[in-house]
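Report on one structure; see the data block that follows.
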Amino acid sequence: MTTLRLTFISDTHSQHQGLMIEPGDVLIHCGDFTARGDLDDTMDFAQFMAAQNFTHKIVIAGNHDWCFEDKRRQSAEACLEDHEIIYINDSAVEIGGIRFWGSPIQPEFLHWAFNRQRGADIRKHWQQIPDDTDVLITHGPAFGILDACTNGRRVGCEDLLETIQRIKPSVHACGHIHESFGIREQDGTLFINACNLNERYQLSHPPVVVDVEVDPGTGRVSPISNQKSPGISL
Ligand SMILES: [Zn+2]
């Protein structure tokens, strides 16, 4: 058995400098690392990530990270790559036998970056997720799970939920809905909303730390409990 420590952060909106992150194996940001999607903010974030004590770093974009969708896209992606950060965008990466898939897409809301219409438009993205994905990373939550706004309205994606129920990843991590930060286990998947800022954009939630065991025989990835994990953990 190999054990890997995965640390999830999200929605830091250029306030990453205030985060305390203990070392681990893979550091994962679930999108919205900038305030307004500027290249300067991206550079500052990339330098912060590069300084963290992890073997691998994975990043997806969020609805604020405009420079990853508009004509600055190549420069933005190159900035992360130059700092040895793996950027995934409807794509996969495998690390230590764990198959990660990441997507910045979320349901349409006030014309932000990476918005798609619910239904056929957004399903085109979820259909690309491989069945054997172990850790699914999307900026937005699935419907009904860690997706409630302050007014109680649930805004997660129904089509994403359906996909998760079909492929059953070991972990699904998201951000986007700041007020629904937390961890929940449901139907064999560990769901994480890793937003570090609260609904008032104040840095108030710690990183989420999850240790996973990878069985080299079956390839199975299982989250395990570790009371000594820093931050919020299983
Ligand atoms: Zn956000």
Side-chain angles (χ1 to χ4, degrees), residues 7-21 27-46 48-49 52 57-70 72-73 76-77 79-80 85 87-90 102-116 118 122 125 135-157 160-161 171-184 191-208 231-232:
T7 300
F8 296 88
I9 55 177
S10 191
D11 294 73
T12 45
H13 295 285
S14 293
Q15 296 185 48
H16 42 261
Q17 295 295 354
L19 274 181
M20 290 294 296
I21 309 176
L27 177 60
I28 299 147
H29 196 295
C30 309
D32 276 5
F33 37 89
T34 69
R36 294 176 306 275
D38 296 337
L39 278 178
D40 285 354
D41 280 10
T42 301
M43 176 58 84
D44 187 68
F45 169 70
F48 168 81
M49 289 290 280
Q52 302 307 308
K57 291 123 187 192
I58 300 175
V59 166
I60 65 165
N63 58 304
H64 283 248
D65 304 322
W66 282 106
C67 60
F68 284 79
E69 195 183 43
D70 64 23
R72 298 169 293 175
R73 177 178 173 174
E77 293 183 8
C79 175
L80 295 184
I85 298 162
Y87 173 69
I88 47 178
N89 176 11
D90 283 338
S103 176
I105 300 300
Q106 352 85 41
E108 173 71 33
F109 179 70
L110 301 176
H111 304 291
W112 283 91
F114 300 108
N115 272 192
R116 296 292 183 274
R118 292 176 188 267
I122 205 163
H125 293 272
V135 177
L136 176 62
I137 311 159
T138 61
H139 183 56
F143 179 76
I145 302 170
L146 305 171
D147 69 331
C149 296
T150 314
N151 63 10
R153 208 174 141 229
R154 294 202 170 269
V155 294
C157 179
L160 177 58
L161 177 66
V171 177
H172 173 234
C174 70
H176 193 41
I177 305 302
H178 297 193
E179 51 270 55
S180 276
F181 168 81
I183 303 183
R184 189 201 292 179
F191 291 89
I192 299 166
N193 176 327
C195 285
N196 296 112
L197 300 197
N198 65 16
E199 60 275 23
R200 295 184 299 282
Y201 283 71
Q202 296 158 328
L203 190 57
S204 56
H205 306 137
V208 174
I232 182 172

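All values reported here derive from a predicted model rather than from experimental measurement. Basis for what follows: all heavy atoms, side chains included, without hydrogens, waters or symmetry-related copies. The first residue of the sequence shown is numbered 1, and numbering continues consecutively from there. In listed order, ligands and their atoms are each counted from 1.
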Looking at the Zn ion (ligand 1), is there an N, O or S atom belonging to His178 that lies under 2.8 Å away from it?
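True for His178.
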
The Zn ion (ligand 1) and His176: any N/O/S contact shorter than 2.8 Å?
no

For the Zn ion (ligand 1), find the closest N/O/S atom belonging to Asp11 and write down its atom name.
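Atom name of the closest N, O or S in Asp11: OD2.
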
So which N/O/S atom does His13 have closest to the Zn ion (ligand 1)?
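So the atom name we want here is NE2.
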
For Asn151, enumerate each residue passing the side-chain hydrogen bond (donor to acceptor under 3.5 Å, both in side chains) test, keeping only those at least two apart in sequence or located in another chain.
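Scan of Asn151 (side-chain hydrogen bond (donor to acceptor under 3.5 Å, both in side chains), adjacent residues dropped) gives none.
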
So, using side-chain hydrogen bond (donor to acceptor under 3.5 Å, both in side chains) as the criterion, who are the partners of Ser10 when residues are at least two apart?
none

Rounded to the nearest 0.5 Å, what separates atom CD1 in Ile177 from atom OG1 in Thr150?
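If I round to the nearest 0.5 Å, the distance is 9.0 Å.
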
Would you check if the distance from the ring center of His13 to the ring center of His178 is below 6.0 Å?
yes

